[in-house]
Number of protein chains: 2
Amino acid sequence: TQKLIFAENVLRSFKMSMSLFIHQNRFVEIYCLSPGLQNVGAIHFFCNYEESRGNYLVDVDGNRMLDVYTQISSIPIGYNHPALMKVMTNPNNVSAFVNRPALGILPPENFPDKLIESLLSIAPSGMTRVQTMACGSCSNENAFKTMFIWYRNKERGYANPSEQEVGTCMINQSPGCPDLSILSFMGAFHGRTLGCLATTHSKVIHKLDIPSFDWPIAPFPKLQYPLEEFVRENAQEEARCLEEVEDLIVKWRQKGKPVAGIVIEPIQAEGGDNHASPDFFIKLRNIARKHGCAFHVDEVQTGGGTTGKFWAHEHWGLDDPADVVSFSKKLLTGGYYHRDELQPDKPYRIFNTWMGDPSKNLFLSEVLNVIRRENLLEEVTRSGKALLQGLYALQTQYPHILSRARGQGTFCAIDACNDATRDSIMIKARNKGLFMGSCGEKTIRFRPTLVFKEYHVHQLLNILNDVLAEHK
Amino acid sequence: TQKLIFAENVLRSFKMSMSLFIHQNRFVEIYCLSPGLQNVGAIHFFCNYEESRGNYLVDVDGNRMLDVYTQISSIPIGYNHPALMKVMTNPNNVSAFVNRPALGILPPENFPDKLIESLLSIAPSGMTRVQTMACGSCSNENAFKTMFIWYRNKERGYANPSEQEVGTCMINQSPGCPDLSILSFMGAFHGRTLGCLATTHSKVIHKLDIPSFDWPIAPFPKLQYPLEEFVRENAQEEARCLEEVEDLIVKWRQKGKPVAGIVIEPIQAEGGDNHASPDFFIKLRNIARKHGCAFHVDEVQTGGGTTGKFWAHEHWGLDDPADVVSFSKKLLTGGYYHRDELQPDKPYRIFNTWMGDPSKNLFLSEVLNVIRRENLLEEVTRSGKALLQGLYALQTQYPHILSRARGQGTFCAIDACNDATRDSIMIKARNKGLFMGSCGEKTIRFRPTLVFKEYHVHQLLNILNDVLAEHK
């Protein structure tokens, strides 16, 4: 009967999710025999990671796909990269894997060196400190906490907390647990734990039924693409949003819930690949400065080289750097950088058992070596141009199906005319060997690895073209 | 100057933290040369994990210590266990380390088998589902979300959400983001991300300056030890706390913030190793059932065998199992079990990029093999008895210094007369080769590995005895 229940689950969940691949016998077999696996409905297919290589993902039925979704944008240099395999076979590294330390209190001898080699070697301008964490949500949660601590220390003039603060904080009450807020943007995605989720506004399925905070939410600019053809209209839209940001900061201060920080993605990813101009972000940073709010750039999806620079916000040319920059995914470890000024005043204020995982830093060091050795950021810029040009050509050829091609580096996207068409294109492409991701309401997002070359771009465009040509 | 600033940091932070070890030249050197390392103040010392073995941790200056803190209770079978080293050198496993999947959508072929071999083989009674997560905080955050989703689905009679719910949830407002609460206990520790932190009430340093939720907090029984000598008094104290729990549930329902779930540790660890009787927990479970709240047992620190059973709550003999059991630390992966009934109704409601890490499940499978092969739970029971007897003897011998020895398995603790004495005992013990942890206000906690044998107990007791004999 358990088998039967799961077989029913398969059918039910496929109605909600994507329809079956052509060759998926082994998939259905595993799927039906997997009691205890939660969220089976979200599973696209089971993978044979051993057989996957570079940009190509292989499933359990031997289907080989050009993968431009890359585990939700988290595979930096492709599957089974030899440089990463070598990390595993180096006997000096074994201990980092089998003895996971409580990093905050008992770091391994080489941890500072590994940090310097890895995360500190790519620190965004102005960022002198880094704190590793286990995942993207934990990174943003702790980044928010860092901003709250910084804000309250400023407010109390760096004095010790009052007796009342000490007493009330233990029972979740103000002033010890103050009514501070984080300003976020409609369409944003910053994670799904309760603090992060209060700043996430991209899909109902993320938010429904979960208690939240009364924090201000500003409109994110709805720009017209290609950006260079709508400069005036887009500037107006951005000005409207910035005005709203300032209004909200004032309003929430009056409400007694001052904005301690502003959090924003350089490109809203989960929310539908929404871009804004460098000018918008520079002005937003100035607003944060003017009102005494910290400025937090969430690079969990945009970071790691995929936009052609290591950090997407480096495209803005900020004179006054951000206060906090968080990361995860392609960096293989979660964490966040911050300015010296945001360093908590006492140990154990930002703390947990593991605080990251040194074995992930070993992999990251190797990834960075490969990026430098093979000039992968230039490669991304080159491939990205070819990809965006190809998407422009496709939307010109199929204007009734595709529109709003946009991108930076290989971080590209295009809209279908509706969600059903988008889903149908994605399934047909998958059956022809191209695995893509979706975002927003009707957007296809391209999140290839950093070793995605121009000939991969052409392969992608050929398959898409075939699918569109067949599309009724 | 950077070197100078860090040297100053060292001095400043040591005033806050523990004083210097006798032989720590290499430690001070690394410490002073570690710019960008955040929270340096919490660092006890740097470790040489390569040279550490079994129950013995070695620091960078070659000091070798019997470790009964074990990376905040997260090392299950000791340092560099041969069974874990073998996981690393098995070529079949390489792919799991170098290709971290987005588990929720693209699991590896062997993932269901590995789950069955590892987490599902040790599932607590009544738990049919398991969801892996990256760390303890994420586990509890998602467990809370699971309870909220379950509670709201019950409330709306499993109908689709209303238009109003769909609309309001995107802007953090009720009814879409409902005013539900989780009932927790004073002295509890359930993690430090914003949702978890609203249920954590053990130390000011965790809570101060972080916004929180207005959720009910019940008193945790303050029992007298040894438990068997104060049965009547303790039963009265537990009855008082249970009465308060029911009052709070009613009060918060009247406030319009119904209690969706109750979360509790089998032994409050961070809060000072506070125990309660099986009778207390059984009655608490019944109260949860009576009021329609989910019952969540947080086994992040107590789980994994250290109490002599795999899960501490198995000591209670619950007829009506818990609804959710969360874990991390010694399990090497975070996650939570739950009843079928709490399975979310749709995919992607509980979701994130990684949803755990299959490479950690490989290690866990091996840990479980070792536990079974070497009957480690019996070993823990035996060592635990010897440890607790030894602590009783010490507190009889030094009644002006020690009191309230308590424990289950090797999960033991003892109180010093004040925090300064506790800290001084810990430093002196460390200089004699015994590394212990602290918790609560003046408690020493013992969190040895599962391979902690009776002769390790005697070594521990001898060192403690020496320290106490010298204590003025």
Side-chain angles (χ1 to χ4, degrees), chain A residues 34 36-39 41-42 44 46-50 60 71-72 74 79 84 88 94-95 97-99 101-102 104-109 112 120 129-131 134-135 141 145 148-149 152 161 166 169-170 172 177 180 192-195 198 201 204-205 207-212 347-348 352-353, chain B residues 34 36-39 41-42 44 46-50 60 71-72 74 79 84 88 94-95 97-99 101-102 104-109 112 120 129-131 134-135 141 145 148-149 152 161 166 169-170 172 177 180 192-195 198 201 204-205 207-212 347-348 352-353:
Chain A
S34 301
L37 253 188
Q38 205 198 37
N39 286 315
H44 288 32
F46 286 86
C47 298
N48 184 336
Y49 287 105
E50 287 76 9
V60 286
Q71 311 299 320
I72 320 183
S74 68
Y79 297 104
L84 302 186
M88 289 293 298
V94 174
S95 165
F97 288 90
V98 302
N99 305 303
I105 56 171
L106 298 164
E109 177 164 16
L120 289 169
R129 302 271 179 165
V130 69
Q131 178 62 62
C135 71
E141 289 275 342
K145 287 172 63 173
F148 289 132
I149 291 169
R152 283 295 294 144
V166 168
C169 80
M170 294 297 273
N172 298 10
C177 295
L180 296 176
R192 289 160 155 261
T193 48
L194 267 64
H201 319 279
V204 170
I205 200 86
K207 301 275 290 179
L208 186 71
D209 297 341
I210 314 299
S212 195
Y348 293 108
N352 60 48
T353 299
Chain B
S34 301
L37 253 188
Q38 205 198 36
N39 286 315
H44 288 33
F46 286 85
C47 298
N48 184 337
Y49 287 105
E50 287 76 9
V60 286
Q71 312 299 321
I72 320 182
S74 69
Y79 297 104
L84 302 186
M88 289 293 298
V94 173
S95 164
F97 288 90
V98 302
N99 305 303
I105 56 171
L106 298 165
E109 176 164 17
L120 289 169
R129 302 270 180 167
V130 68
Q131 178 62 61
C135 71
E141 289 275 342
K145 287 173 63 173
F148 290 132
I149 291 169
R152 282 296 294 144
V166 168
C169 79
M170 294 296 274
N172 297 11
C177 295
L180 296 176
R192 289 160 155 260
T193 48
L194 267 64
H201 319 279
V204 169
I205 199 86
K207 301 274 292 178
L208 186 71
D209 296 342
I210 314 299
S212 195
Y348 293 109
N352 60 48
T353 299

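Note on naming: letters A, B, ... go to the chains in the order of the sequence lines (proteins, then strands), and numbering restarts at 1 for each one. Because the structure is predicted, anything quoted here is derived from the model rather than measured.
Note on A:Asn99, A:Val98, A:Leu84: by heavy-atom pairs under 4.5 Å with chain B, the leading option is A:Asn99. Chain A forms more heavy-atom pairs under 4.5 Å with one residue of B:Val166, B:Ile205, B:Ile149 than with any other, namely B:Ile205. Per-residue heavy-atom pair counts under 4.5 Å with chain B were compared for A:Val94, A:Leu106, A:Val60, and the maximum is reached by A:Leu106. The candidate from A:Glu109, A:His201, A:Arg152 with the greatest count of non-hydrogen atom pairs under 4.5 Å with chain B is A:Glu109. Between chain B and the residues A:Gly195, A:Pro211, A:Pro108, the largest count of heavy-atom pairs under 4.5 Å involves A:Pro211.
When all heavy atoms of B:Lys145 and A:Arg192 are compared, the pair lying nearest together is NZ-O, 2.9 Å. Scanning all heavy atoms of the two residues, the minimum distance from B:Pro107 to A:Tyr49 falls at C-CE1, 4.1 Å. The minimum heavy-atom distance between B:Cys177 and A:Ile210, with the atom names listed, is CB-O, 3.3 Å. Shortest non-hydrogen contact noted between B:Ala42 and A:Ile105 is O-CG2, 3.3 Å.
Side chain of A:Gln71 to backbone of B:Pro101: no donor-acceptor contact under 3.5 angstrom is found.
Distance check: B:Met170 CE to A:Ser212 OG gives 11.5 Å after rounding to the nearest 0.5 Å. Here CZ of B:Phe148 is found 10.5 Å from CG of A:Asp209. Values are rounded to the nearest 0.5 Å.
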Passes side chain to side chain contact (heavy atoms under 4.5 Å, CB included), B:Asn172 versus A:Lys207? Steps please.
CA-CA 8 Å; B:Asn172 297 11; A:Lys207 301 275 290 179; 2.6 Å; yes

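Residues satisfying the side-chain hydrogen bond (donor to acceptor under 3.5 Å, both in side chains) criterion with A:Asn48, sequence neighbours excluded, are absent altogether. A search for salt bridge (Lys or Arg N to Asp or Glu O under 4.0 Å) contacts involving A:Glu50 returns nothing, not counting sequence neighbours.
Of the two parts of B:Thr353, the backbone and the side chain both hold a non-hydrogen atom closer than 4.5 Å to a non-hydrogen atom of chain A.
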